[in-house]
Amino acid sequence: MNSLSPEEQQNVALSEFPEILQKEEKKPQEHHLPELRNHGGKVVMRMAPSPSGPLHIGHSRMAILNDEYVRRYGGELILRIEDTNPANIDPFAYEQIPRDLEWLGVRVDRIVIQSDRMEIYYQEARKLIEMGKIYACTCKTEEFKAKLLKSIACPHRDQDISINLKAFENATAGKTKSKEAAFVVKTDLDHPNPSVRDWIAFRVLDHPHPRHGDKYHLYPLMNFSVAVDDHLLGLTHVIRGKDHINNTEKQKYIFRYNGWTLPEYYHYGLVNFPDVILKTSIIKKGIQAGQFSGWDDIRLGTIMAFRKRGYRKETFRKYWIDSGMREIDSEFSKEIFNSINKSFIDNTTPRLFFVRNPVVLRIDNLNASGVDIPNHPTNRELGHRHYDIRYDTRIAVSSDDWTSLQPGDTIRLKDFCNIRKTSDGAEFAGKEMVKGIPIIQWVPDPEIQFTVYRPDGTSDTGFVEKYIQNGSGLFQFERYGYVNKGSDSAGYFLHR
RNA sequence: GCUCCGGUGGUGUAGCACGGUCAAGCAUUAGGGACUCUCAAUCCCCCGACUCGGGUCCAAAUCCCGACCGGAGCACCA
């Protein structure tokens with residue numbers, strides 16, 4: 001069977017086992033996301049990154065999952081920038097996050113910045129204080145924790161509402177010192193999970209905010225502002241990482257006290273990214289120390305870095321849709337990701353020869369006047385490139401190829417001619433294709449030095465064809481890999 | 001330690017809500033082959049999994065219990 005050509009194989013299958021082919025025609029097995037619960041028509045969804053830095057590959061999952069569902073059902077996708085911790089903000093992120101999302105093809109309908117909504121959180125807090133659901137606590141952090149661990153109420157828990165209100169006004173007015181007071185949501189002191197018992201909703205913090213300077217002194221913690229916004233923004237479904245499961249439990253108390261309807265929650269499993277640098281704190285330090293060139297350093301796992309290397313946005317989407325929304329933790333597969341990416345680029349990417357660690361040869365008796373090389377093995381639309389060849393044209397090959405040969409060995413310069421290695425150089429060995437001999441890439445009249453930077457921090461340098469100057473974007477360097485051109489002399493390695 | 005969640009081939013998943021059509025599908029990787037002036041693409045073939053032990057049932061990957069393993073959270077980060 002294997003000795004037949006593909007068409008012959010097809011024919012045999014067709015005549016002898018028609019049911020096999022029919023079966024395959026049934027469905028191309030497109031992966032798709034499950035239906036959402038209670039999605040009565042339109043949905044309102046959100047993604048909520050903190051502006052500690054640009055988005056990375058991990059964020060892309062949440063962005064694409066949410067975007068996919070809003071596209072499917074219609075509705076609204078909100079980008080909510082969660083900047084209620086002024087100590088962990090990189091102002092650059094405010095502008096870069098929307099750019100990252102746009103590049104990913106995520107359609108954001110509305111941007112909400114939490115620090116612009118402080119008065120709303122204060123208002124909601126006052127309401128809950130008046131309802132007796134939030135109290136001001138002036139315990140020391142350690143005492144507070146210790147008590148909760150034993151399910152013991154702290155002395156402030158039942159103090160008069162007027163005291164709590166007064167404390168709140170003092171705190172918002174900046175009359176309270178950091179750590180001197182916190183505002184706590186009453187939940188259930190007997191809740192099995194100690195972290196859900198009476199959790200802190202606001203903290204006093206004197207740290208300048210990049211957007212608001214010293215205007216605010218009392219900041220909501222994530223669980224409070226998220227709950228309030230999820231309701232006020234009309235969220236119908238929330239999709240986020242499993243690390244938020246416990247937060248969901250806490251947030252539900254705010255919904256319950258206000259009589260608000262809960263959104264449907266989904267939590268996808270955590271993804272482990274081996275060998276990918278994602279932590280913004282590490283990246284920041286590295287950039288400051290000059291170890292990384294910036295947020296788009298190709299050694300990083302940021303969206304900017306993937307983009308710089310030439311990945312297609314479609315790859316992110318397909319990868320995350322394929323991964324689904326299961327709650328199991330998983331490992332990011334670079335192999336699958338790259339394979340998906342290749343399927344998007346292969347047919348439209350022009351080929352070029354690149355010889356790293358080059359050896360420049362003069363070929364004795366070179367008998368040719370010119371050569372045309374196709375830019376793609378099957379896609380004719382990409383045309384071809386032409387070189388004039390003289391008897392003394394110098395030719396570069398990769399030493400990786402050349403040094404493995406013995407004098408007398410013959411190889412073929414792809415799409416051109418055969419050469420034979422001699423004791424001190426090379427000689428012409430005919431133009432006709434000889435089956436079975438190795439075929440290598442080559443560069444005539446080598447002039448253009450090119451360096452390929454690789455994501456592992458290494459680089460390769462050699463000669464590339466001069467036609468690199470005529471194009472931009474992606475090339476496939478034959479037998480080497482895909483490279484995204486940065487300039488006429490350097491580029492970034494994408495994948496094989 | 002406590003709380004919660006989860007365990008399908010090397011990797012990513014489908015199936016599990018309503019047990020039989022699943023001696024388990026797809027993709028990727030590894031291997032073999034066809035084709036090919038790339039060690040690419042394409043095509044064909046092939047290796048490979050329901051964590052374990054009990055239970056319910058005519059029938060369990062699917063339901064129940066236990067064990068084991070893994071993950072997350074554990075309070076002034078998001």
Side-chain angles (χ1 to χ4, degrees), chain A residues 1-10 12-13 27-32 34 37 48-52 82-85 87-88 114 137 141 144-145 148-149 178-179 181-184 191-205 219-223 225-226 240-250 267 269-272 274 318-319 321-324 326-340 342-343 346-347 349 351 353 373-374 376-379 412-418 433-435 437-441 476-482 496:
Chain A
M1 190 74 180
N2 289 338
S3 62
L4 303 176
S5 73
E7 298 88 78
E8 286 169 326
Q9 291 176 13
Q10 182 88 357
V12 171
K27 260 181 198 166
Q29 273 273 341
E30 262 304 300
H31 224 98
H32 58 98
R37 298 182 292 260
S50 72
S52 54
E82 305 206 329
D83 58 346
T84 52
N85 177 10
N88 186 31
Q114 285 196 313
C137 177
T141 305
F144 183 71
K145 283 188 196 178
L148 284 185
L149 216 48
S178 198
K179 290 264 181 183
F183 295 86
V184 181
H191 195 283
N193 183 347
S195 80
V196 178
R197 299 172 194 160
D198 282 25
W199 51 268
I200 294 172
F202 286 85
R203 59 170 169 167
V204 177
L205 190 62
Y219 286 92
L221 260 8
M222 179 251 202
N223 280 310
S225 50
V226 163
R240 54 183 174 178
K242 214 172 134 182
D243 47 330
H244 287 293
I245 286 179
N246 283 310
N247 291 323
T248 302
E249 280 311 300
K250 299 184 193 185
H267 300 97
L270 260 82
V271 186
N272 177 36
K318 177 153 173 41
Y319 187 85
I321 290 174
D322 283 357
S323 298
R326 306 181 71 190
E327 242 174 71
I328 348 164
D329 303 326
S330 62
E331 185 152 324
F332 180 76
S333 171
K334 227 180 266 187
E335 284 163 349
I336 292 177
F337 193 76
N338 287 344
S339 161
I340 292 170
K342 190 189 280 179
S343 72
D346 187 73
N347 195 41
T349 305
R351 271 53 173 170
F353 295 150
I373 305 172
H376 192 282
T378 52
N379 184 354
R412 181 162 181 86
L413 302 179
K414 187 166 183 281
D415 298 313
F416 181 35
C417 71
N418 311 317
M433 177 66 188
V434 180
K435 286 256 175 200
I437 64 169
I439 299 165
I440 66 169
Q441 74 275 26
Q476 190 212 55
F477 289 179
E478 290 201 19
R479 295 173 71 230
Y480 179 81
Y482 295 91
R496 270 196 69 86

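Residue numbers begin at 1 in each chain, while the letters A, B, ... track the order of the sequences.
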### Distance test, side-chain N/O of A/Ser330 to OP1/OP2 of B/rU13, below 4.0 Å
yes
### Message
I'd like the C1' distance from B/rU62 over to B/rC46, given in whole Å.
### Response
29 Å
### Query
Who does B/rA41 pair with, Watson-Crick or G-U, both distances under 3.5 Å?
none
### Query
If we take the C1' atom in both B/rU8 and B/rG1, what is their distance in whole Å?
32 Å
#### Entry: Residue A/Leu221, side-chain atoms from C-beta onward, closest of B/rU38, B/rC76, B/rG70
B/rC76
### Nucleotide of B/rU8, B/rA41, B/rU28 approaching A/Ile328 most closely (side-chain heavy atoms)
B/rU8
#### Entry: Nearest-0.5 Å distance, CZ of residue A/Arg351 to CD1 of residue A/Ile373
14.0 Å
### Query
Is the shortest side-chain N/O distance from A/Arg197 to OP1 or OP2 of B/rU3 below 4.0 Å?
no
### Message
Between B/rC69 and B/rG32, how many Å separate the two P atoms, rounded to a whole number?
### Response
38 Å
### Message
Suppose we call a contact any N or O donor and acceptor under 3.5 Å apart; does that hold for the side chain of A/Glu327 and the base of B/rG7?
### Response
no
### Query
Is there a side-chain polar atom (N or O) of A/Lys334 under 4.0 Å from OP1 or OP2 of B/rU11?
no
### Message
Taking the C1' atom in each of B/rU42 and B/rG15, what is the distance between them to the nearest angstrom?
### Response
30 Å
### Task
Could you work out which one of B/rA40, B/rA78, B/rC37 sits closest to the side chain of A/Pro377?
B/rA40
### Summary
Quick note, A/Arg496 side chain, CB onward, closest among B/rU11, B/rG7, B/rA40 is B/rA40
### Task
Assign each of A/Ser343 and A/Ser333 to its nearest nucleotide of RNA chain B by heavy atoms, then name whichever residue's nucleotide is nearer the 5' end.
A/Ser333
#### Entry: Exam field: side chain A/Ser50 to backbone A/Asp83, donor-acceptor pair closer than 3.5 Å
no
### Task
Kindly say whether, by distance alone, the side chain of A/Gln476 makes a donor-acceptor pair under 3.5 Å with the base of B/rU38?
yes
### Query
Say you pick atom P in B/rC45 and the same atom in B/rA27; how far apart are they, in whole Å?
11 Å
### Query
Is the base of B/rA17 syn or anti, if syn means a glycosidic angle within 90° of 0?
syn
### Task
Between B/rU38, B/rC2, B/rC37, spot the one nearest the side chain of A/Arg351, thanks.
B/rU38
